[in-house]
Amino acid sequence: MKLILLGAPGAGKGTVAKLLTRIDGSVQISTGDILRAAIRDDTELGKQAKDYMNRGELVPDSLIMNIMGERLKEGDCKNGYLLDGFPRTIPQAEGLKVLLKNMGEKLDMVVELQVPKDEILDRLTTRRTCSNPDCQAIYNTKSKPSKVEGICDICGSPTIQRDDETVKAITTRLETYDNQTAPLVDFYRNEGLLISVDGTSTDSVINAIKGSLGKS
Ligand code: ADP
């Protein structure tokens, strides 16, 4: 499957993407994960992205389009991909359209995960992520705590709060979503690709996606 997962920070795009990869071998492509890896490795890309990310702002479209232009050509995309956190602006969506056209590919659909604002805020402040770059399992101190506090169940590495999970950065990220990313909902509705699902339950999101794929 070739999907875009659209939704505010904390809507569950990463969690849903990880579950969907188990269905048919599609790969999760998270621009946020790619950028965080670049910051960790202190690459040129990481240096350029770091300050924007820590403030909760978007990194420039040109950087993101370079990353995605390369990433979508890699061999593991042959079985499909779940785009998690990309596109995030209208220019990125237009850029993706051109990339896909040049590669002769079509998206199956764009899934909008709808989650109420108060739940989003609650989820973001209680989210913990495994610090091991090869694992990155996601926990929540309230709804999905790790068995031992602060330690990942899967790989035993410490779980951490991301640098952009301060209240200030979270507020900026949510405003950025409303201003720059939410317009993509209409963009993809006009393209006839949009399905909107209630994102409060991960299981029902997965079932809704499976149902829609079956029909398409
Ligand atoms: P979330 O969806 O929870 O905000 P992500 O990991 O997707 O988390 O993104 C974290 C940060 O990485 C964003 O706030 C932004 O600074 C940067 N980023 C990720 N993807 C993009 C993108 N497609 N365009 C611009 N910036 C991006």
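When a ligand or atom number is given, it counts from 1 through the structure's own listing order. Keep in mind the model is a prediction, meaning the values are calculated, not measured.
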Show me the short polar-atom pairs for ligand 1: any N or O of it lying under 3.5 Å from a protein N or O, with distances only.
| unit_1 | atom_1 | unit_2 | atom_2 | d |
| --- | --- | --- | --- | --- |
| ligand 1 | 2 (O) | K13 | NZ | 3.0 |
| ligand 1 | 2 (O) | R88 | NH2 | 3.1 |
| ligand 1 | 3 (O) | R127 | NH2 | 3.1 |
| ligand 1 | 3 (O) | R173 | NH2 | 2.8 |
| ligand 1 | 4 (O) | R88 | NH2 | 3.0 |
| ligand 1 | 4 (O) | R173 | NE | 3.3 |
| ligand 1 | 4 (O) | R173 | NH2 | 3.1 |
| ligand 1 | 6 (O) | R36 | NH1 | 2.9 |
| ligand 1 | 6 (O) | R36 | NH2 | 2.9 |
| ligand 1 | 7 (O) | R88 | NH1 | 3.1 |
| ligand 1 | 7 (O) | R88 | NH2 | 3.4 |
| ligand 1 | 8 (O) | R162 | NH2 | 3.3 |
| ligand 1 | 9 (O) | R88 | NH2 | 3.4 |
| ligand 1 | 16 (O) | E57 | O | 2.5 |
| ligand 1 | 20 (N) | T31 | OG1 | 2.7 |
| ligand 1 | 20 (N) | G85 | O | 3.3 |
| ligand 1 | 20 (N) | R88 | NH1 | 3.2 |
| ligand 1 | 23 (N) | G85 | O | 2.9 |
| ligand 1 | 23 (N) | Q92 | OE1 | 3.0 |
| ligand 1 | 24 (N) | Q92 | NE2 | 2.9 |
| ligand 1 | 26 (N) | V59 | N | 3.1 |

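In this view, K144 satisfies the side chain to side chain donor-acceptor pair (under 3.5 Å) rule with no residue, not counting sequence neighbours. Contacts of D198 classified as side chain to side chain donor-acceptor pair (under 3.5 Å), with partners at least two apart in sequence or in another chain: T200.
At a threshold of 4.0 Å, the pair K117-D178 counts as salt-bridged, since one of the basic side-chain nitrogens sits closer than that to a carboxylate oxygen. Under the 4.0 Å criterion applied to side-chain N and carboxylate O atoms, K97 and E191 are assigned as salt-bridge partners. With respect to D41 and R36, no salt bridge is recorded, no charged nitrogen being found less than 4.0 Å from a carboxylate O.
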Identify every side-chain donor-acceptor pair in residues 56-66 under 3.5 Å, counting partners at least two apart or on other chains, and give the distances.
| unit_1 | atom_1 | unit_2 | atom_2 | d |
| --- | --- | --- | --- | --- |
| E57 | OE1 | R55 | NE | 3.3 |
| E57 | OE1 | R55 | NH2 | 3.2 |
| E57 | OE2 | R55 | NE | 3.1 |
| D61 | OD1 | T89 | OG1 | 3.0 |
| D61 | OD1 | Q92 | NE2 | 2.9 |
| D61 | OD2 | T89 | OG1 | 3.4 |
| N66 | ND2 | S62 | O | 3.4 |

